[in-house]
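Just below is one structure, and these are the notes that go with it.
Chain naming here is simple, since letters A, B, ... match the order of the sequence lines and numbering starts at 1 in each.
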There are 2 protein chains.
Amino acid sequence: MFSAGHHRILSTLSRLGAMSRTDLARALDVSKASISMLVRDLIARGVLREEAVVFGQGRPSITLGLCSDAASFIGISLHADPTTVVMTDPHGRILARYVMPRETDPHACFEGLARAVDIVRKRAGSGAGPIAGIGVAQPGFVSRDGRISLASTALGWVNVDVAGGLSAVTGLPVFVENDANALILGEQLFGPSGDCPDFSLVFVGDGIGSAHIVNGRLHRGHHGGAGEISHSPIALDGSGALPCRCGNRGCLETVSSLQAIRGAARQAGLTSDIDELAAMTADGHPEALAILHRAGAALGIALAQLVQMFDPSQVLVILDPALKDSVFGRVLRQEMETHVLRRAGVQTTLTLRGLEDDSFAKGAASLAAQKFLFGNEWT
Amino acid sequence: MFSAGHHRILSTLSRLGAMSRTDLARALDVSKASISMLVRDLIARGVLREEAVVFGQGRPSITLGLCSDAASFIGISLHADPTTVVMTDPHGRILARYVMPRETDPHACFEGLARAVDIVRKRAGSGAGPIAGIGVAQPGFVSRDGRISLASTALGWVNVDVAGGLSAVTGLPVFVENDANALILGEQLFGPSGDCPDFSLVFVGDGIGSAHIVNGRLHRGHHGGAGEISHSPIALDGSGALPCRCGNRGCLETVSSLQAIRGAARQAGLTSDIDELAAMTADGHPEALAILHRAGAALGIALAQLVQMFDPSQVLVILDPALKDSVFGRVLRQEMETHVLRRAGVQTTLTLRGLEDDSFAKGAASLAAQKFLFGNEWT
DNA sequence: GAAGTTGGTTTATCAAACGAAATAAGTTCT
DNA sequence: AGAACTTATTTCGTTTGATAAACCAACTTC
């Protein structure tokens, strides 16, 4: 479809925003002649368009941008129970969405998703470009080629050919990815951290997931298990280490996950609603404070270890908005900062961001967008 | 000097061992015609040679290999006090070596090293190829371009232009790298783990260092600080957390480094000689056992965290041979294995290897060899 | 309105890679 | 032994993608 040269132009335009032909030539370190040819081609194909004329000294430059109707992408989140399906444009803007109960039988799931894709397509109307592909974000391990769900305890799937099955009923190319990975890829493509070649993302939900962009590309690990931070042995303080479902004690998720926090609150006779719990800490309730303090501190230590090993330029933590603004967020930051070795003029920034409804589905859509914009060069 | 095509051939030949032209065409996915041209060129330049005729069906193939006198490389280890200087061939075989006291004044150091290079060159005799460059392995942080020593507490260097200074007195290109990084690059190029695209190395010495090969290339981190495992907060078991020179408590190096082990032994009234201490554990001495057990367990937990985050295919731990065969090694392995989440058919292998005299110098030499074989493509 | 500056296009050229056919050097079958 | 087959390597003509240099366009500044 597109050549490597085309993809390079599309990806830098998407990453760095609209720019002129000459800027592109500088950014990609190729001749203006080549850019001229390729851009002409992309405009003719309806993917790029001239957006604005910028006046400076000399001849004004014409900024180029992706046509928002060049293509559109379907994103499906199987991360948690209401399955979310969205349709986005090449800039990551959501054109339509649909929410449905999560179905775990593979065949029924694919059938339902095919119907959902039709609904979303209708809702988006005629302003949207042709659908270039479907991205699926799911918990668990996914094959390196992004086709097979190797093992997902949450869905009860083992070796399910998601790409094959979903592609058969929709007629569209399908790309599957682990949920945390989809989230970071979405951030890289659509989010504000996109220009950063080395950053890490940690997600705090019922479990705890992480993912890493190294050298501009996703780091999957040799067995596809990189970022499995959930069962990192952190909370080993002597006798207090809690048993984990993985069989060990002291795993991070036994202390810092939403489930763990709810469990601890219940055991202390408090509410198991996170929002209420956070509100109680604001009022200074000692037991609620202790629970969130402990959870935040453990995650902070895990983040410190992550930073020491990976040395990313940024760590993005995505979590419940209530937690973000509570003592959890404050202790998390403080604990991480005290345990990271400081060097002059060198610092990893920590960003906390509240989870939004469509975060995972948007990340999933970015999988299809990646293929469209970048091609298969970046695996 | 060499084109990208040349470098691709040299690097695969070095990585995967001798192979025929047709094998190369398959491995690199280029036409046999191109390979034919490039190989002819490399043979004419004296870098490659036809090594053996392999008979199968059809016309026999001719395996190609690197000429061992195509070039030679100088490796300098400033890792510890006796500075070691070696000269190797393109296969990593050591042709000559020279050991001298470590000098910390930059100017004097470079002068001394220049003399050492001359000595090593003479010792190697005329069988060695022309020297292609000098690699330097040093503790501390090094600039991304491999020229400047940004900060090294052990040497007392801050912003020392090592490449410039040493290049001026030797007339050879110089490449500087952090010691752990040099070690893993040497392993990748010259060692048995070379074909592995994702592996990690941990070094236990007076400090503890680690380095990671991700996707076939060294992961430096955004600030060049990836692998700083030494001050990972591991040993946090309540009141027992020891203060560290970094200002925190419970850092890995306060428990598992050679210095920490010696310190703990001294405090218990035992010998501070590692060999003797290891021998005592073999005899079942309870206090010696406790010290090495604790040190090994802490490192095992750190390794488990490393494996969970990076998911390498292999972790190579380089340590004092006496430690390797003691309870330290056994506990290390056991603790790591219990804390790594298991998945069916998926496992990271842990390899312990004793430190050899020339390990760091050989790694340093590999820096120069990398540039010769791979060019600047791999940064 | 002339001079200067910068953006974008055209053209002739080049280097690297490719496909297909030719050639080389063996093994295997009859 | 000789024909038939297999596989490795080389040669040749062509395609591809990128380039530099010259050129044209469009604006600002003096």
For [X], which contact category applies under a 4.0 Å heavy-atom criterion: base, sugar-phosphate, or nothing?
X      : answer
S3(A)  : nothing
G56(B) : sugar-phosphate
D29(B) : sugar-phosphate
I62(B) : sugar-phosphate

Student check: side-chain heavy atoms of [X] and [Y] closer than 4.5 Å:
X       : Y       : result
E50(B)  : R21(B)  : yes
H91(A)  : S14(A)  : no
K371(B) : P173(B) : no
L48(A)  : D41(A)  : no
L64(A)  : I9(A)   : no

Shortest side-chain distance from R40(B), nucleotide among dT9(D), dC27(D), dT10(D)
dT10(D)
Specify the separation, in whole Å, of atom [atom1] of [X] and atom [atom2] of [N].
X      : N       : atom1 : atom2 : result
F55(A) : dT28(D) : CZ    : C1'   : 11 Å
H7(A)  : dG17(D) : NE2   : P     : 13 Å
D41(A) : dA18(D) : CG    : P     : 12 Å
Q57(B) : dT9(D)  : CD    : C1'   : 18 Å
K32(A) : dA22(D) : NZ    : P     : 13 Å
R59(A) : dC24(D) : CZ    : P     : 13 Å

Does dA18(D) have OP1 or OP2 sitting under 4.0 Å from an N or O in the side chain of S34(A)?
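False: S34(A) side-chain N/O out of range (4.0 Å or more) of dA18(D) OP1/OP2.
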So which one's nearest nucleotide on DNA chain D is more toward 5', P60(A) or S31(A)?
S31(A)
Nearest heavy atoms of V176(A) and A163(A), plus distance in Å:
CG2-N, 4.1 Å
Hey, where on DNA chain C does chain A first and last touch, going 5' to 3'? Cut-off is any atom under 4.0 Å from a heavy atom.
dT5(C) to dT10(C)
For F2(B) and F372(B), take the angle between the two ring planes, folded into 0 to 90°, and tell me which bin it lands in: parallel under 30, tilted 30 to 60, perpendicular over 60.
perpendicular
